[in-house]
Every structure is written in structure tokens, then in C-alpha cells.
S.K.: 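Sharing a structure here in C-alpha cells format.
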2 protein chains.
Amino acid sequence: MHETIKHESMFTAIADIQRRKILNILKRSEMSVAEIKSHFEFSGATLSHHLNILKNAELVRVRRQGQQRIYTLNLSVVEELLLIFNQIFVSKEDEK
Amino acid sequence: MHETIKHESMFTAIADIQRRKILNILKRSEMSVAEIKSHFEFSGATLSHHLNILKNAELVRVRRQGQQRIYTLNLSVVEELLLIFNQIFVSKEDEK
DNA sequence: CATATATTTAGATTATCATCTAAATATCAC
DNA sequence: GTGATATTTAGATGATAATCTAAATATATG
């Protein structure tokens, strides 16, 4: 009946609407921080903070490209999250 | 690219590990507050607070039975949440 | 109706979180 | 290497949220 730290970080990550919007945007294609930023009103520092939380939850990956950093949705972890979700709330098995 | 208030309350509701545990417990069968409480360490007031948040998100339903209140998992809303999940993070459609 | 039981509500406290500005770091182009 | 651009880090602030104790409400029972 306990939950790994990893699960915890995923649920925390998707709790915020701005971060869900970031994931939603990245669903279409990978993007630099500046491109992501163009969709929002808040500061670069705030965006960096959100990206860091998503990264820690492994929901996104980053790679360097010159001065830019390109963020990508980590689809396998998103799918894992869906499974966990199903396991906690729907399936007859206990949360493992 | 916006989200209803209802979605917001659902994501907030499942962000807390105690509330996810409550949902996980209710998956097996409906329960009185006292029964739910036996699974946790925190005070009754705290449990009541969590149940209220789950109720506002419509993830659980309550009915009276004498002095007790019986909480039930609202399966249709849990399923709805799974769909929203898929829509935001996986499917090619935008979040509606 | 008085007392016991079940649960919620009120109000306070502490911790966590989203956001900001300013400064730091890294890379590129000249 | 100097200046410009991209992004992150540090530190502060205000808002939200989790929890507690004490008090209130509702129901049941003798």
C-alpha cells in the first residue's frame, strides 16, 4: 500500500495546470525553451522551474542544441503513468 | 487550450498521496468514515478535509446510514479522468 | 431528554509551491 | 575575448494546502 517516490513526483508534476499545458504542447513536437515560452505569460525563470519538475518526474527529456535546449515529451513515461493510474484507481490489483 | 474548473479539481484531488490511498482503498468496497480512518494515522478532521476535496471533484459519493456516512468511489468519474488524461498527454487531439 | 457515537466545521499553524527579479552560466559570432 | 542570446540558479514573497485541537452538529439509544 505504499507508493514509490517516482510516482509521487509524477502526480505532483501533473497537478499544476501550466505543466499540463506544457506537456500538451510538447505532444505535437519537441521544442526549445523559447518556443515553449511563447505559449505562456510567465517569466523564463518560472518556465525553467516547471521544466525542471517535469524533468525530475521524467515526463520530459532535454538535449542541448547550441545555445538552446530542446525538450521532448517522454512518451514511455506518460504511458507508464496511465498504467499506474489504472492500477491505483481502477484495476482490482492493489497499487504495487 | 483551456481546461474546465472541474478538471482542475480532479487533478488537485489526486495530487495528494493520502487522497490517492483513500481512492485506492475505496476501489475494493464502499466504507464508512471510521473504516477509512482505520487505514490512516491522521486525525478525523484531516480525513474529513480530504474526503471533502474528493467529493468536490466528484471522485467519491456519500450517503448517510444512521450516524455513519458511507463513501463510495465514483467509477464513472474515475474513467472520465482516464479519458482526459489520455486526451491531454497522448491523443493527437488538443485538450478540449 | 441525556448521553454516547460519528462526522464535520472553525480557526490556527506550518510547510509547500508558483511566481518574480536579479544574477550567473553557457554558447555563439564577430 | 567581448558582446549578444538562451537558459538556469538564487533568493524573496505571497498564495495554497495539509494538518492539528477544540467545538459544533447530527443521529442513536436508554
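Just so you know, these numbers come straight off a predicted model, no measurement behind them.
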S.K.: For A:A15, enumerate each residue passing the side chain to side chain contact (heavy atoms under 4.5 Å, CB included) test, keeping only those at least two apart in sequence or located in another chain.
M.R.: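 Result, side chain to side chain contact (heavy atoms under 4.5 Å, CB included) vs A:A15: B:A15.
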
S.K.: For DNA chain D, which residues in residues 41-52 of chain B have a heavy atom at a distance below 4.0 Å?
M.R.: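 DNA chain D contact set from residues 41-52 of chain B: B:F42, B:S43, B:A45, B:T46, B:H49, B:H50.
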
S.K.: Among residues at least two apart in sequence or on other chains, which ones pass salt bridge (Lys or Arg N to Asp or Glu O under 4.0 Å) with A:R64?
M.R.: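 Testing A:R64 for salt bridge (Lys or Arg N to Asp or Glu O under 4.0 Å), a comparison that skips the adjacent residues, returns none.
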
S.K.: Output all residues satisfying side chain to side chain contact (heavy atoms under 4.5 Å, CB included) with A:Q67, sequence neighbours left out; order by chain, then residue number.
M.R.: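 With sequence neighbours excluded, A:Q67 shows a side chain to side chain contact (heavy atoms under 4.5 Å, CB included) to no residue whatsoever.
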
S.K.: Got a list of side-chain donor-acceptor pairs under 3.5 Å for residues 40-49 of chain A, not counting sequence neighbours?
M.R.:
from, atom 1, to, atom 2, distance (Å)
A:S43, OG, A:A45, N, 3.4
A:S43, OG, A:T46, N, 3.1
A:S43, OG, A:T46, OG1, 3.1

S.K.: Please give, in whole Å, the distance from D:dA17 C1' to B:I17 CD1?
M.R.: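 Distance check: B:I17 CD1 to D:dA17 C1' gives 16 Å.
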
S.K.: Whole Å only: how far is the CD1 atom of B:I70 from the C1' atom of C:dT5?
M.R.: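 So the CD1-C1' distance, B:I70 to C:dT5, works out to 14 Å.
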
S.K.: Test of understanding: with salt bridge (Lys or Arg N to Asp or Glu O under 4.0 Å), list the residues that count as partners of B:E80, not counting sequence neighbours.
M.R.: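 Salt bridge (Lys or Arg N to Asp or Glu O under 4.0 Å) check on B:E80 returns B:K6.
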
S.K.: With sequence neighbours excluded, tell me which residues meet side-chain hydrogen bond (donor to acceptor under 3.5 Å, both in side chains) with A:H50.
M.R.: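 For A:H50 the side-chain hydrogen bond (donor to acceptor under 3.5 Å, both in side chains) partners, ignoring immediate neighbours, are A:R19.
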
S.K.: Can you pull every protein N or O that's under 3.5 Å from an N or O on nucleotides 1-3 of chain C?
M.R.:
none

S.K.: With sequence neighbours left out, write down each residue that passes side chain to side chain contact (heavy atoms under 4.5 Å, CB included) with B:N52, or none if nothing qualifies.
M.R.: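 Scan of B:N52 (side chain to side chain contact (heavy atoms under 4.5 Å, CB included), adjacent residues dropped) gives B:K55, B:N56.
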
S.K.: Which word best sums up how the rings of A:F85 and B:F85 line up, parallel for under 30°, tilted for 30 to 60°, or perpendicular for over 60°?
M.R.: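 Tilted.
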
S.K.: Side-chain N or O of B:Y71 versus OP1/OP2 of C:dA6: is the shortest distance under 4.0 Å?
M.R.: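 So the side chain of B:Y71 is outside the cut-off, no N or O lying under 4.0 Å from OP1 or OP2 of C:dA6.
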
S.K.: Summarise protein proximity over nucleotides 23-28 of chain C in one line of letters, 5' to 3': B for base, S for sugar-phosphate only, - for none, counting protein heavy atoms closer than 4.0 Å.
M.R.: ---SBS

S.K.: Taking only residues two or more places apart in sequence or in another chain, which ones pass side chain to side chain contact (heavy atoms under 4.5 Å, CB included) with A:S32?
M.R.: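 Here the qualifying residues are A:A34, A:E35, A:Q68, A:I70.
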
S.K.: Just jot down the salt bridge (Lys or Arg N to Asp or Glu O under 4.0 Å) partners of B:E30, sequence neighbours excluded, or say none.
M.R.: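 B:R63.
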
